[in-house]
Each structure stands twice: as structure tokens, then as C-alpha cells.
Number of protein chains: 2
Amino acid sequence: METKERIMKEALTLFFKRGVKAVSMDDVAAHLGVSKKTIYKWFVNKDELVFESIQEYVQAMEQTCCGTIEGANNALEALFQILEMVRGLMREVHPSIFYDLQKYHAKAWQLWLDHKNGFFLQQTKENIQRGIEEKLFRQDVDVEIVSRLRLAEVELGFNSEVYPVAQFDLQQVQIALLEHFLFGIATIKGHKLINQYKQITEEE
Amino acid sequence: METKERIMKEALTLFFKRGVKAVSMDDVAAHLGVSKKTIYKWFVNKDELVFESIQEYVQAMEQTCCGTIEGANNALEALFQILEMVRGLMREVHPSIFYDLQKYHAKAWQLWLDHKNGFFLQQTKENIQRGIEEKLFRQDVDVEIVSRLRLAEVELGFNSEVYPVAQFDLQQVQIALLEHFLFGIATIKGHKLINQYKQITEEE
DNA sequence: ACTTTGGAAACATGAAAAGTTTCCATGCGT
DNA sequence: ACGCATGGAAACTTTTCATGTTTCCAAAGT
């Protein structure tokens, strides 16, 4: 693997596990078993390392999302597969990562905002629209309002004022929120299909 | 009506319509057609006027909520009536009121936080629990996570980063969020009952 | 190992609103 | 009619808050 890639990958791992602020360039270097010099050979400064790592990550994420959504048989299955993805991603993530980006890495935060309000919002709206056409999601959901809710929920899950780290598990929270969201837009037909995916039998 | 009450009522009206920061003591006095002297006769300072007005409001709110929930035939109907209440309340509210309290009136904000994390959280949890027992809400909803979501949604609706004033109507947003929440926790049986309340027929 | 940088914290500044005082018109009891 | 309490208008002082500057230290960067 190319050195630059290795650096970004390791940095990202550390950022996710401990937050961005809490990880120094010395840390990254130490974990890679290289000197800081090597890192600065590839990245002008920490800000850029953060930016490029996050960019790489977000882009990979978008690819996966696109693939998942296109591959899904219907809008509901798409969201269900996203749920599985989230389960994997949220295994070990430090909640401060969002806060740190916002506070100390304006460029990287802007990148996230752009993708959130651009790609992810668009994707979410389209998928909900698709679900409505498939009669899996209710016709009377306000797509604009509800899709923004979904994006806000992601960040809400990271908010340790609402879900204190001591009491809640980030992974569980994210999954519960996504699942609740899914039921929130589903028709009865959609609801039954979710039960099928979840292998739940529900009296009517 | 007692003078003190009249002052609080007018202040509250102005706070809701324009936000707290944007309303000066001169404004309140002018709107009442009295001098500041009269206001300061009843309230030591603005902070106290804000605090007492909000307290009055929150307490009235709790009374109404209690009555509503107790009077309802089931947990779902309770939430439905809350929805109607929200519709009335959100007719003309300036989104900045939450922000202003949080930033400039620590005591009043703490009051809101206390009631939110105390009474409202408790009430929400109990009502969801009740709904689960009535088989109207799904057994597998995580009550702790989802009730906190509901409280966060109220504040989310006021967040003009997510729902810009220019594009969204606060009343519509709040209603859409509450409705989505309701569907999000409902069983199929509950879902059908909602449709009944909404007078919607849905193919299955 | 050494220098530089960026952000937190402590410290100014000024404008606007909070809060106070003064003065005067009005109403009321004697 | 006179003194006295009340509260409004407005002039006045004080506080608050947004903005900007300086200092200092840990971590960035060499």
C-alpha cells in the first residue's frame, strides 16, 4: 500500500477511536512506527491530514451508499442495508469527532457539511421518494422536513448531552434512531416488510 | 387582572413573537403603556421577568399536558391531542427564543432543562410505556433512546440551521416531526388507529 | 532538540440595553 | 384648595455583551 494511504488510514482509525483533538501528530507517527518527518513529507500540516483523511472516508462512504442503494430491491431494503452498515461503522467511535472537526478543522467540517447538505440530503430525499412510489413509505410524509430530520439524527446520536457516553452505547443509539426513522415513514405495507426483514411476527 | 400578571403575559407574548434578546424592557413598557418604573416595581430585573414568565408558562403547560394525557382513551390519542396543542402553540413563535434563553438567561434555561429532563421526559416515557402495554406501540422500541429523541426533536424544530426560517414554517415542521415520531413507534394496530384519527384509508 | 504556531484564557473597548433617579402631572383624601 | 401618593416621561448611570487585542503554552512543524 502507498505510504500516504497508510498514513491516512491510521490517522482515521485514531481519529475515530479517540477524537481528532486528542490525537497528536506524534501519536500518528508513533503508531505507524515512522518519524513525523515522513508524515510532513506527504501532508503540509495536520489540518490537511485531517481534511484528506475525512475526504477519503466520505468519498468511500458515498460510493458504498450509491452501490447499496442501487443494489437494493426497494427503498426499504436500501435503508435496511444502510442500517447494517451503520452497525459496522459505529462499533468503536469516539463521540467527540464531530465536535472536534467543527471546532478545530473548519475546512474538514465544511467538507462534511457540503456532503451532508449535498449528496446525503439528495440521496435521502430520492430514496424516500422512491419508497413513496413503491407504496412502502407514506404518501403524506413531508420529504423536505423528514429527510433533514434523518441527517440531524445522525449528529444527535453523537451528542453526549442527549445520550451521555456513560449511559448509552453509540452503536445502539444510532441503530435505534435509524430503525425508528424507518418505521416513521413506512406505510402498513412497508411496516410488514420491515417485520419480515427483522423476522418479527406481529399481531394485527 | 393583576398588574404583575398583565406584565408577564405581555412580556411572554413579545418574547414568543420576537425572541427574548430582541425585546427590551422599554419595549415591554411601551407595549403595556406604562413606564419601566412600574415593571421594576414588580420585577427586580429582566432576568427575573423572563424567569417568572417562562415558569408561569411551563407550569400551565404541564397542567394542560397532565389533563390531556389523563383524559385520553389511550396513549396514541394522548399524543394526538398533544399534536393539536402544538398546532395552536406554534402559530406565531420566533425560533430564536430557545437560543436566547440558553445564551442570556441561564436561570430560565435551567428551568426549561429541568422540566424537560424531569417532567416531560418522565411523561413521555410513561406514555410510550402505556402505549406498548396497549399494543399500540411496538414492544421493541428502546424507550430511553426514543423518548430523548422526542425531546430533542422539539428543539430541532427551532434550529434554523436545519430548518431555515425562509424555507420552513415552524408550525408545519413541529407537526411533521411529531407525526413522524408517532408512526415511528406505532405497531400496525397503532398505525391503523392513527389512520382512523387522521381519517385516512390506506391499502395494505 | 529546537522554533514556530494556533488556540484558550485573560484582558481592553464601545455601544446598547439594563436599571436608577429626577421631575412633574394627575388623582385622591381631608 | 392643599398636601401627598402614584406613576409616566425622560435624563441619567451602570452593566452587559460583542468585538478585538494580548499573552502564554502545548502541540505543530523543522
Side-chain angles (χ1 to χ4, degrees), chain A residues 3-4 6-8 10-55 94 96-111, chain B residues 1-54 94 96-110 160-161:
Chain A
T3 311
K4 193 172 174 181
R6 282 187 55 234
I7 299 173
M8 287 201 283
E10 182 63 33
L12 214 48
T13 307
L14 287 170
F15 293 156
F16 271 93
K17 193 164 12 183
R18 298 202 244 140
V20 179
K21 182 80 187 290
V23 174
S24 71
M25 294 298 264
D26 283 303
D27 286 333
V28 181
H31 270 263
L32 283 160
V34 303
S35 77
K36 283 199 282 182
K37 196 172 192 176
T38 313
I39 300 181
Y40 282 105
K41 198 168 158 186
W42 295 96
F43 301 92
V44 178
N45 50 37
K46 182 178 178 179
D47 222 42
E48 194 176 292
L49 171 60
V50 173
F51 179 81
E52 290 206 33
S53 305
I54 298 289
Q55 183 165 56
H94 197 283
S96 83
I97 187 166
F98 266 79
Y99 175 87
D100 288 350
L101 285 185
Q102 172 161 35
K103 189 142 195 200
Y104 305 109
H105 299 280
K107 239 181 96 190
W109 180 248
Q110 193 54 51
L111 182 79
Chain B
M1 199 197 306
E2 202 198 332
T3 311
K4 193 171 173 181
E5 264 184 78
R6 283 187 52 234
I7 298 173
M8 286 200 285
K9 205 170 169 188
E10 181 63 33
L12 213 48
T13 308
L14 287 170
F15 292 156
F16 271 93
K17 193 164 13 181
R18 298 203 243 138
V20 179
K21 183 80 189 293
V23 174
S24 72
M25 294 299 262
D26 283 302
D27 286 332
V28 180
H31 270 263
L32 284 161
V34 303
S35 76
K36 281 198 284 182
K37 200 183 207 171
T38 310
I39 299 180
Y40 281 105
K41 196 173 162 183
W42 294 97
F43 301 92
V44 178
N45 50 39
K46 182 175 178 178
D47 223 42
E48 195 177 289
L49 171 60
V50 173
F51 179 81
E52 289 204 34
S53 306
I54 298 288
H94 196 284
S96 83
I97 187 166
F98 266 79
Y99 176 86
D100 288 351
L101 285 185
Q102 172 161 35
K103 187 141 199 205
Y104 306 109
H105 299 279
K107 239 181 97 191
W109 179 248
Q110 193 54 52
S160 37
E161 303 254 315

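Computed over heavy atoms, backbone and side chain alike; hydrogens, waters and symmetry mates excluded. Throughout, a chain's letter reflects where its sequence line sits, starting with A, and its residues are numbered from 1.
Taking every side-chain heavy atom of Lys37(B) into account, dC23(C) is the closest of dG29(D), dC23(C), dA18(D). The side chain of Asn45(B) sits closest to dG19(C) out of dG19(C), dT30(D), dG8(D). Among the nucleotides dG7(D), dG8(D), dA28(D), the one closest to the side chain of Ser35(B) is dG8(D). Closest contact between the side chain of Lys36(B) and the listed nucleotides dA8(C), dG8(D), dA18(C) involves dA18(C). Among the nucleotides dA18(C), dA18(D), dG29(D), the one closest to any side-chain atom of Lys103(B) is dA18(D).
Spacing between atom CD1 of Ile39(B) and atom P of dA18(C) amounts to 10 Å, rounded to whole angstrom units. Look at CH2 on Trp42(B): it is 9 Å from P on dG7(D), rounded to the nearest Å. Between the C1' atom of dA17(C) and the OH atom of Tyr40(B) lies a distance of 9 Å, rounded to the nearest Å. In this structure, Lys46(B) atom NZ and dT14(D) atom P are separated by 21 Å, rounded to whole Å. Taking atom CG on Asp100(A) and atom P on dA8(C), their separation rounds to 11 Å, with Å as the unit. Summarising the geometry, the separation between CG on Asp26(B) and P on dA15(C) is reported as 19 Å, rounded to the nearest angstrom. Atom C1' of nucleotide dA28(D) and atom OH of Tyr104(A) are separated by 15 Å, given to the nearest angstrom. Remark: C1' of dG29(D) and CD1 of Ile7(A) are 15 Å apart, rounded to the nearest angstrom.
Comparing Thr38(B) and Val44(A) along DNA chain D, the residue whose closest nucleotide (by nearest heavy atom) sits nearer the 5' end is Thr38(B). Between Lys21(A) and Ser24(B), it is Lys21(A) whose nearest contact on DNA chain C lies nearer the 5' terminus.
For the pair Val20(B) and Tyr104(B), the minimum side-chain heavy-atom distance is 4.5 Å or more. Lys21(B) has its side chain out of reach of Lys103(B): every pair of non-hydrogen atoms, C-beta onward, lies at least 4.5 Å apart. Counting heavy atoms from C-beta on, the side chains of Met25(B) and Leu49(B) come closer than 4.5 Å. The shortest distance between side-chain heavy atoms of His105(A) and Ile54(A) does not fall below 4.5 Å.
Interatomic distance, Leu101(B) CG to Lys107(B) NZ, rounded to the nearest 0.5 Å: 13.0 Å.
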